[in-house]
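Here's the structure, in structure tokens; my notes come after.
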2 protein chains.
Amino acid sequence: MQLDKLVQFHKALADANRIKILVLLSTGPKNGQELAQHLGLTPPTVTHHLTKLREVNLVTDRREKNHIYFYLKESVLKHYSDSITATIIRKGEPEEMEIKPVSSHEEIVKNFFTKEGKLKNLPSQRKKKLMVLYHLAKGIEHGKKYSEKDINEFIKKFHLDYATIRREFIINGIMYRENGIYELNPKEMWKEIK
Amino acid sequence: MQLDKLVQFHKALADANRIKILVLLSTGPKNGQELAQHLGLTPPTVTHHLTKLREVNLVTDRREKNHIYFYLKESVLKHYSDSITATIIRKGEPEEMEIKPVSSHEEIVKNFFTKEGKLKNLPSQRKKKLMVLYHLAKGIEHGKKYSEKDINEFIKKFHLDYATIRREFIINGIMYRENGIYELNPKEMWKEIK
DNA sequence: ATTCTAATTAGATATTAATCGAATTAGTCT
DNA sequence: AGACTAATTCGATTAATATCTAATTAGAAT
């Protein structure tokens with residue numbers, strides 16, 4: 001976890017009204033009016049808080065008829081909650097705040113990339129293909145929504161045939177798509193990737 | 001967990017330098033000079049940050065010859081980290097932010113207290129005595145240091161014979177004492193109390 | 001007791017953040 | 001298309017917070 005991210009997350013929760021919002025949302029989606037009502041705040045203020053919560057992917061929204069409903073993303077909350085200790089208590093160099101994977105696993109993956117970080121080609125062996133796909137997925141933010149264009153742009157940094165790879169992401173359950181919006185599959189997220 | 005506490009905790013971690021301090025301390029105790037050095041800050045600023053971290057019991061200090069060494073309290077960090085999700089995601093009334101225990105267990109304990117909340121007497125059966133002691137200990141803050149006088153004052157709110165009860169806390173490993181400073185035993189803290 | 005050094009407190013300044021009222025945007029519904 | 005309403009953006013105000021320098025305290029060591 002990056003230092004910035006962690007700080008941003010804590011800032012997001014470092015306000016009583018924002019925590020109240022999360023608690024309210026934990027009992028089910030609410031629209032802006034309801035939130036403003038319950039908290040005794042004006043709509044602009046609620047928007048302000050929601051913006052901060054959205055920045056760290058703790059809430060999403062979905063329009064429904066005339067209202068926009070806000071949803072708590074419990075998986076993201078759990079993820080952050082789990083990460084805090086792991087991020088701070090790393091026996092080793094305190095300097096580096098980045099995650100650095102060092103599995104033999106990584107050796108295999110490395111063979112499919114050029115020294116510039118481009119993907120040479122997608123492995124045909126299922127297991128290796130998954131490794132490569134998961135490796136690519138590390139660059140996708142957990143809990144963030146991407147348009148198809150965003151995803152294409154992202155993949156193109158590694159390989160020109162973005163369409164195939166995007167399809168592989170879906171087929172293998174690494175991402176899922178809903179109304180043209182792509183997102184990492186939260187259920188899959190934390191079992192292979194570290 | 002109380003709303004205030006949770007907010008205060010997140011405020012404590014909502015600053016990059018404070019997180020860096022925790023990371024540094026996770027590799028072992030450091031004194032103020034070292035911290036100021038590593039962070040490129042002046043001693044007063046370091047004190048400022050340490051104050052905030054101490055307020056939520058994330059660090060303690062101990063004097064050693066000419067320096068004061070600061071220690072990360074990992075157990076407290078883990079505790080908060082575990083509490084976040086539990087506190088926010090409570091299926092039920094979002095209004096009440098307090099923990100309310102409702103075990104049959106509680107029935108037994110209740111019999112030893114008056115309706116005003118005073119302790120009638122300490123049970124003689126070991127099991128019941130422990131229940132009562134643990135119940136009393138809920139009012140003691142996890143990770144906070146208490147002087148003997150503080151402890152006496154606290155116990156006196158429930159019973160005049162503070163000396164006996166204080167001794168029972170120690171005997172039963174609920175608290176431990178070091179140089180006249182009392183503290184909840186972190187190891188014991190989370191197995192019985194909820 | 002005096003000196004030395006580390007840590008804290010006090011006071012000042014600048015930055016960030018919370019909140020609101022007014023104006024604007026975005027999408028629904030007739 | 002036009003009217004309606006929820007949400008957002010804008011601008012301003014006020015409250016917190018991070019940081020420093022200078023002054024002070026608290027122990028340790030001579």
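Every chain is numbered from 1, with letters handed out A, B, ... down the list of sequences.
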Can you measure from OG1 (Thr60(A)) to CG (Leu72(A)) and round to the nearest 0.5 angstrom?
-> 8.5 Å
Pro43(B) or Ala14(A), whichever maps to the more 5' nucleotide of DNA chain C = Pro43(B)
In whole angstrom, give the distance that lies between atom CD1 of Ile19(A) and atom P of dA18(C).
-> 12 Å
N or O in side chain of Thr47(A) less than 4.0 angstrom from dT8(D) OP1/OP2 | yes
For atom CG of Leu53(A) and atom P of dA7(D), their distance in whole Å = 15 Å
Using a cut-off of less than 4.0 Å, is there contact between a side-chain N or O of Asn31(A) and OP1 or OP2 of dT5(D)?
-> no
All side-chain contact (heavy atoms from CB on, under 4.5 Å) counterparts of Thr45(B), not counting sequence neighbours = Leu41(B), Thr42(B), His49(B)
Could you give the OH-to-P distance, from Tyr69(B) to dT5(C), as a whole number of Å?
-> 16 Å
Verify ring-ring contact (aromatic ring centres under 6.0 Å, His included) between Phe158(A) and Phe154(A), making sure each step is shown before the conclusion.
-> CA-CA 8 Å; Phe158(A) 302 99; Phe154(A) 170 76; 5.5 Å; yes
Spacing of Asn17(A) atom CG relative to dA18(C) atom P, expressed in whole Å | 10 Å
Measure the angle between the two terminal helix axes of the helix from dA1(C)-dT30(D) to dT30(C)-dA1(D), five base pairs each, and quote it to 10°.
-> 30°
Take the protein atom CG of Leu35(A) and the nucleotide atom P of dT19(C), then report the distance between them rounded to whole Å.
-> 14 Å
Output yes when at least one side-chain N/O atom of Lys11(B) is less than 4.0 Å from OP1 or OP2 of dA16(D), else no.
-> no
Using a cut-off of less than 4.0 Å, is there contact between a side-chain N or O of His49(B) and OP1 or OP2 of dT19(D)?
-> yes
Measure the spacing between CG of Leu77(A) and OG of Ser26(A) and express it to the nearest 0.5 Å.
-> 9.5 Å
From the options dC20(C), dT19(D), dA7(C), select the nucleotide whose nearest atom is closest to the side chain of His48(B).
-> dT19(D)
Between dT8(C) atom C1' and Leu41(B) atom CG, what is the distance in whole Å?
-> 16 Å
Compare the minimum distances between each of dT8(D), dC20(D), dA18(C) and the side chain of Leu50(A), then state the nucleotide with the smallest one.
-> dT8(D)
CG-CG distance between Leu35(B) and Asn17(B), expressed to the nearest 0.5 angstrom = 10.5 Å
Thr45(B) side-chain N/O to dA18(D) phosphate OP1/OP2 under 4.0 Å | no
SB check Asp15(B) Lys52(B) (cutoff 4.0 Å) | no
Lys78(A) bridged to Glu74(A) by N-O distance under 4.0 Å | yes
Give the B/S/- string for nucleotides 22-30 of chain C, one per nucleotide from 5' to 3', where a protein heavy atom under 4.0 Å of the base yields B, of only the sugar-phosphate yields S, and otherwise -.
-> B----SSS-
Counting heavy atoms not belonging to Glu55(A), are there more than 12 under 6.0 Å from its CD?
-> yes
Just how far, in rounded Å, is C1' of dT8(C) from NE2 of His67(B)?
-> 16 Å
Arg54(A) vs dT8(D): side-chain N/O to OP1/OP2 distance below 4.0 Å | yes
Look only at the side chain of Arg18(A) and the backbone of Lys11(A), and say whether a donor-acceptor pair between them is shorter than 3.5 Å.
-> yes
Between NE2 of His10(B) and C1' of dA16(D) the distance, given in whole Å, is 18 Å
Which word best sums up how the rings of Tyr80(A) and Phe9(A) line up, parallel for under 30°, tilted for 30 to 60°, or perpendicular for over 60°?
-> parallel
From the options dC20(D), dA7(C), dT17(D), select the nucleotide whose nearest atom is closest to the side chain of Lys52(B).
-> dT17(D)
So, is Gln33(B) near the phosphate of dA7(C), with a side-chain N or O under 4.0 Å from OP1 or OP2?
-> yes
